[in-house]
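Data block below; observations after.
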Amino acid sequence: MDFKEKMDFYVHMVNDALEQMLGLDDSEQKKVREAMRYSLLAGGKRLRPVLSLAVCDALDGDIEQVLPFACATEMIHTYSLIHDDLPSMDNDDYRRGRLTNHKVFGEAMAILAGDGLLNYAYEVMLDYVCKNRDNIYAKIEAMRIIAKFSGIDGMIGGQVVDLECEGKHISPELLEYMHRHKTGALIKAPVLAAAAICNASPEQKASLEKYAGNLGLAFQIRDDILDVEGNVEEMGKSAGKDKAKNKSTFVTFYGLDKSKEMLHQITAEAIDSLAVFGEKGCFLRQLAEYLVTRNN
Ligand code: GRG
């Protein structure tokens with residue numbers, strides 16, 4: 001399979017699993033489920049779960065064991081997008097090519113749908129672990145990683161720095177810290193969770209941690225660039241928000257050309273750290289290359 005076919009294969013696997021995990025029902029909770037499904041099943045690149053599945057393949061692991069954890073990271077990612085779009089946060093009207101959750105379901109329901117997805121992520125993982133107790137310590141470690149990297153020392157912590165720095169001049173170190181946490185942490189989580197479940201060696205884990213750390217930073221730099229020169233239709237969300245909110249980004253700090261140079265450099269470093277995987281790291285390498293030129 002070439003890169004595109006493999007990517008489609010993983011994305012389909014994730015979409016089918018998510019659809020199965022969060023079906024519609026006719027209970028009292030029909031409305032909140034509908035709101036959760038609205039954002040979760042709205043598409044998106046599925047980068048985080050795809051990373052888990054690709055790491056699993058690079059380590060010759062068992063995809064069935066990794067899939068619930070991969071899907072859980074997509075649920076957590078989607079909750080963060082719903083909350084990030086709220087009027088009290090970024091106040092966005094479009095996401096994933098459609099109206100944001102609060103525009104359709106109202107602010108209160110959007111908050112609950114986000115909370116619901118965050119909680120559901122842990123329900124899905126714990127449900128799976130309780131029913132499949134083999135390799136249990138690795139699975140618990142994977143959940144610990146996901147909790148840690150999405151919490152105050154990870155994604156939420158990065159978002160707090162972002163909020164506090166709006167309209168202020170910040171140091172390049174703090175800018176990198178913010179990006180590595182706000183976005184990078186939830187890119188590291190699926191990589192390291194899959195590595196734990198597939199019993200990666202310490203050397204493999206260290207390589208993957210470097211890969212994911214640099215990939216996450218590169219991903220956010222590309223996001224900063226797209227906010228300036230991206231096409232709204234292709235992105236499925238609004239552009240120009242960083243400038244409007246006077247946010248510090250790689251582009252406001254270093255300018256477009258230097259940001260692009262840094263994007264290439266950091267991606268090359270991510271790719272270099274996969275040397276230990278040889279041929280098995282091929283998809284992960286191609287994924288890093290694809291993210292440099294992504295338009296959404
Ligand atoms: C708890 C109130 C409350 C809010 C939480 C944690 C949080 C808000 C926000 C997280 C920060 C965040 C949304 C960072 C943005 C990261 C980013 C670049 C998202 C876009 O990811 P893509 O491009 O999106 O992978 P798709 O739609 O393709 O999945």
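We're numbering straight along the sequence, starting at 1. Counting starts at 1 for both ligands and their atoms, following the listed order.
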What protein heavy atom is closest to [atom], reported as residue, atom name and distance in Å?
| atom | value |
| --- | --- |
| atom 14 (C) of ligand 1 | Lys182 CG, 3.7 Å |
| atom 3 (C) of ligand 1 | His83 ND1, 3.5 Å |
| atom 8 (C) of ligand 1 | Met89 CE, 3.6 Å |

message: Suppose we screen for side-chain hydrogen bond (donor to acceptor under 3.5 Å, both in side chains). Which residues come up paired with Lys131, at least two apart in sequence or across chains?
response: Asp127

query: Does Leu81 reach ligand 1, in the sense of a heavy atom lying below 4.0 Å from it?
result: yes

query: Is the closest heavy atom of Arg48 to ligand 1 under 4.0 Å?
result: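 Contact present.
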
- prompt: So does Lys45 have more than 12 non-hydrogen atoms from other groups sitting under 6.0 Å from NZ?
  reply: yes

- request: Have a look at Gln159, Met178, Arg294 and point out the one with the heavy atom closest to atom 7 (C) of ligand 1.
  value: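 Heavy atom nearest to atom 7 (C) of ligand 1 belongs to Gln159.
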
- request: Taking side-chain contact (heavy atoms from CB on, under 4.5 Å) as the test, write out the residues that go with Leu118, two or more places apart.
  value: Ile76, Tyr79, Tyr122

- prompt: Which bit of Asp223 gets closer than 4.0 Å to ligand 1, counting heavy atoms only: side chain, backbone, both or neither?
  reply: side chain

task: Indicate, as side chain, backbone, both or neither, the part of Arg46 found under 4.0 angstrom from ligand 1 when only non-hydrogen atoms are considered.
output: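 No part of Arg46 comes within reach of ligand 1.
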
Got a donor-acceptor contact below 3.5 angstrom from the [X] side chain to the [Y] backbone?
| X | Y | answer |
| --- | --- | --- |
| Asp227 | Gly240 | yes |
| Arg48 | Thr73 | no |
| Lys205 | Ala196 | no |

query: Is the shortest heavy-atom distance from the side chain of Lys237 to the side chain of Val232 under 4.5 Å?
result: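 Answer no - side chains too far apart.
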
Consider every N or O of [X] and every N or O of ligand 1, then say whether any pair is closer than 3.5 Å.
| X | result |
| --- | --- |
| His77 | yes |
| Arg96 | yes |
| Lys45 | yes |

task: Identify whether Leu226 and Leu291 are in the same connected component of the hydrophobic contact network (ILVMFWY, side-chain heavy atoms under 4.5 Å).
output: no

Which ligand 1 atoms, with their elements, are less than 4.0 angstrom from a heavy-atom of [X]?
| X | result |
| --- | --- |
| Thr183 | 16 (C) |
| Met155 | 6 (C), 10 (C) |
| Gln220 | 18 (C) |

field: Mutual orientation of the aromatic rings belonging to Phe283 and Tyr10 [parallel < 30°, tilted 30-60°, perpendicular > 60°]
entry: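 The rings of Phe283 and Tyr10 stand perpendicular, inter-plane angle above 60°.
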
